[in-house]
Engineer: 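Pasting in a structure now, in structure tokens, and then I'll have a few things to ask.
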2 protein chains.
Amino acid sequence: MLSTGLPQGAVPKLERPGPLRDRVYEALLELITTRALQPGQHLVESELAGHLGVSRQPVREALQRLNTEGWVDLRPAQGAFVHEPTEEEADQLLTVRTLLEAEAARLAAAHAGSPGVAALEELCAEGEKAVAADDVDGAVALNAAFHAKIMELAGNAVLAELAGQVDRRVRWYYTPVARQRGKQSWVEHRGLIAAIADRDEQRATVLMREHTEHTRRSYHERQRG
Amino acid sequence: MLSTGLPQGAVPKLERPGPLRDRVYEALLELITTRALQPGQHLVESELAGHLGVSRQPVREALQRLNTEGWVDLRPAQGAFVHEPTEEEADQLLTVRTLLEAEAARLAAAHAGSPGVAALEELCAEGEKAVAADDVDGAVALNAAFHAKIMELAGNAVLAELAGQVDRRVRWYYTPVARQRGKQSWVEHRGLIAAIADRDEQRATVLMREHTEHTRRSYHERQRG
DNA sequence: TTATTGTCTTTCGTCTACAGTCTACGGCGC
DNA sequence: GCGCCGTAGACTGTAGACGAAAGACAATAA
């Protein structure tokens with residue numbers, strides 16, 4: 001046992017910057033999701049490296065990872081291009097998301113206790129507040145946090161991993177039209193929490209499926225609107 | 001228009017080896033799935049590089065990719081270790097697999113035409129033949145091909161991508177006990193084909209779910225057996 | 001005028017070298 | 001004899017350099 005008397009939580013953990021490739025990965029993902037790097041754009045390794053102040057190597061490794069996760073397309077001997085989402089792909093992604101989220105809701109209903117439900121209600125309240133304040137970015141972030149919390153309550157790490165990636169890409173496609181579905185979304189969240197609190201797996205599954213299906217429909221309607 | 005008179009299909013396409021990192025990736029994945037590299041083993045970059053006759057760089061990139069796909073764990077400043085599957089993780093993986101495969105079966109039932117059904121029956125017949133000949137490796141490969149074909153018929157690329165990765169890892173865990181579930185598995189496949197041919201989405205979903213659940217149960221029974 | 005070909009620039013793919021960090025082992029003090 | 005500290009080795013993380021392939025453009029010939 002340590003006898004230094006240092007308060008354990010207060011130790012600064014000797015903040016080490018962590019692998020450079022990860023920070024480059026985060027930075028690039030941020031640039032892509034914020035549309036600073038537009039779909040179809042050619043990403044030149046040396047440019048990115050110079051811009052970020054690192055060498056090409058970490059940039060390469062970050063691009064590899066972004067490639068396997070579907071954010072960029074890596075054409076051999078030609079380089080990386082920001083992935084261009086198609087209508088078909090967006091639809092398929094939303095289909096998969098519905099699947100994963102619905103299962104997560106079921107598992108959450110099966111496993112969640114009152115602390116978990118309380119956390120969900122807390123997030124929901126904040127989300128409603130953000131919508132009321134017309135804070136679109138905040139509402140989107142809280143929406144993500146809400147769904148992530150349900151994933152956590154589901155207690156399936158593999159499922160959470162997949163859903164995390166799928167959700168992030170869905171959000172990429174969807175953010176531009178998120179405003180439309182502000183309020184109604186949180187009403188549906190309330191119903192979902194109730195189902196989870198009741199430990200009603202069936203109802204939680206159905207509600208989550210309808211919830212994500214509404215999102216999909218709103219996405220498609222954007223096209224024509 | 002080309003006026004050389006070359007038969008278009010016969011051009012050998014000048015087989016180029018493709019990026020080195022991909023071949024290293026394939027090689028390592030093969031070594032892992034065949035247990036030549038055992039779970040928990042420390043993978044030293046320079047060793048692998050020397051053994052494969054390439055430099056460290058392509059090896060690094062392959063390891064990165066294997067890391068994001070869950071095959072190896074990349075501990076910072078320490079290197080790569082072959083992932084050690086836990087009971088819990090295997091169970092979660094099987095849960096997700098059930099989800100994805102069931103949805104694929106539903107979509108296949110919704111979209112498949114007679115050529116697709118014929119292809120499935122072809123694969124099924126070969127699989128039964130392999131089981132009869134006690135060809136375990138062949139049966140496992142055909143089983144994978146059968147499920148992959150259903151994925152293809154489902155026509156959802158995103159779903160196929162995820163299921164491909166999940167299935168491959170499930171197979172890694174499961175292969176050692178695959179012998180037990182030889183024959184019964186293909187009987188269930190037959191029923192599944194019938195449901196798809198009838199375009200009965202409901203029945204196809206249920207059958208596939210039961211099918212993969214049987215696999216899961218057989219996996220768990222192995223522990224005690 | 002059009003198609004072809006040769007050259008040239010750009011960028012990627014790979015290799016080699018160096019610095020930082022973690023682990024293991026041996027010596028020293030208690 | 002036991003535990004701690006210092007040192008050495010090994011491996012990874014990062015940087016920089018070289019060779020090769022792909023695309024663009026201009027010059028030339030039909």
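Order of the sequence lines fixes the chain letters, A, B, ..., with proteins taken first and strands second; residue numbering starts at 1 for each chain.
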Engineer: Separation of E45(B) atom CD from dT14(C) atom C1', in whole Å?
Structural biologist: 15 Å
Engineer: Applying the side chain to side chain contact (heavy atoms under 4.5 Å, CB included) criterion to L29(B), which one of V72(B), V24(B), L66(B) satisfies it?
Structural biologist: L66(B)
Engineer: Quickly work out the D22(A) CG to dT12(D) C1' distance and round it to whole Å.
Structural biologist: 14 Å
Engineer: Q92(B): which residues meet the side-chain contact (heavy atoms from CB on, under 4.5 Å) condition with it, sequence neighbours left out?
Structural biologist: N156(A), A157(A), V158(A), E88(B)
Engineer: Starting at atom CD of Q41(A), determine the distance to atom P of dT11(C), rounded to an integer number of angstrom.
Structural biologist: 13 Å
Engineer: Please list, chain by chain and in numerical order, all residues satisfying side-chain hydrogen bond (donor to acceptor under 3.5 Å, both in side chains) with R106(A), sequence neighbours excluded.
Structural biologist: E103(A), E201(A)
Engineer: Pair up each side-chain donor or acceptor in residues 145-154 of chain A with any protein partner under 3.5 Å, not counting sequence neighbours, and list the distances.
Structural biologist:
| residue | atom | partner | partner atom | Å |
| --- | --- | --- | --- | --- |
| H147(A) | ND1 | E101(A) | OE1 | 3.1 |
| K149(A) | NZ | E152(A) | OE2 | 3.3 |

Engineer: List in numerical order all residues of residues 54-66 of chain B for which some heavy atom is under 4.0 Å away from an atom belonging to DNA chain D.
Structural biologist: R56(B), R60(B)
Engineer: By salt bridge (Lys or Arg N to Asp or Glu O under 4.0 Å), which residues pair with R60(B), not counting sequence neighbours?
Structural biologist: E61(A), E45(B)
Engineer: Whole angstroms only, please: what is the CD-C1' distance between E47(A) and dT10(C)?
Structural biologist: 11 Å
Engineer: With sequence neighbours left out, what residues match D73(B) under side-chain hydrogen bond (donor to acceptor under 3.5 Å, both in side chains)?
Structural biologist: H83(B)
Engineer: Verify the neighbour count for atom CZ of R171(A): are there more than 12 heavy atoms of other residues, nucleotides or ligands below 6.0 Å?
Structural biologist: yes
Engineer: To the nearest Å, give me how far apart CZ (R75(A)) and C1' (dA22(D)) are.
Structural biologist: 12 Å
Engineer: Would you mind reading off the distance between N67(B) atom CG and dT12(D) atom C1', rounded to a whole angstrom?
Structural biologist: 14 Å
Engineer: If you assign each of Q78(A) and Q78(B) to its closest nucleotide in DNA chain D, which residue comes earlier from the 5' end?
Structural biologist: Q78(B)
Engineer: Roughly, in whole Å, what's the span from CG in L20(A) to C1' in dG13(D)?
Structural biologist: 9 Å
Engineer: Between L48(B) (CG) and dT12(D) (P), how many Å, whole number?
Structural biologist: 9 Å
Engineer: Categorize L43(A) for me: base, sugar-phosphate, or nothing, with a 4.0 angstrom heavy-atom threshold over every strand shown.
Structural biologist: sugar-phosphate
Engineer: Of A77(A) and P76(B), whose closest DNA chain D nucleotide lies nearer the 5' terminus?
Structural biologist: P76(B)
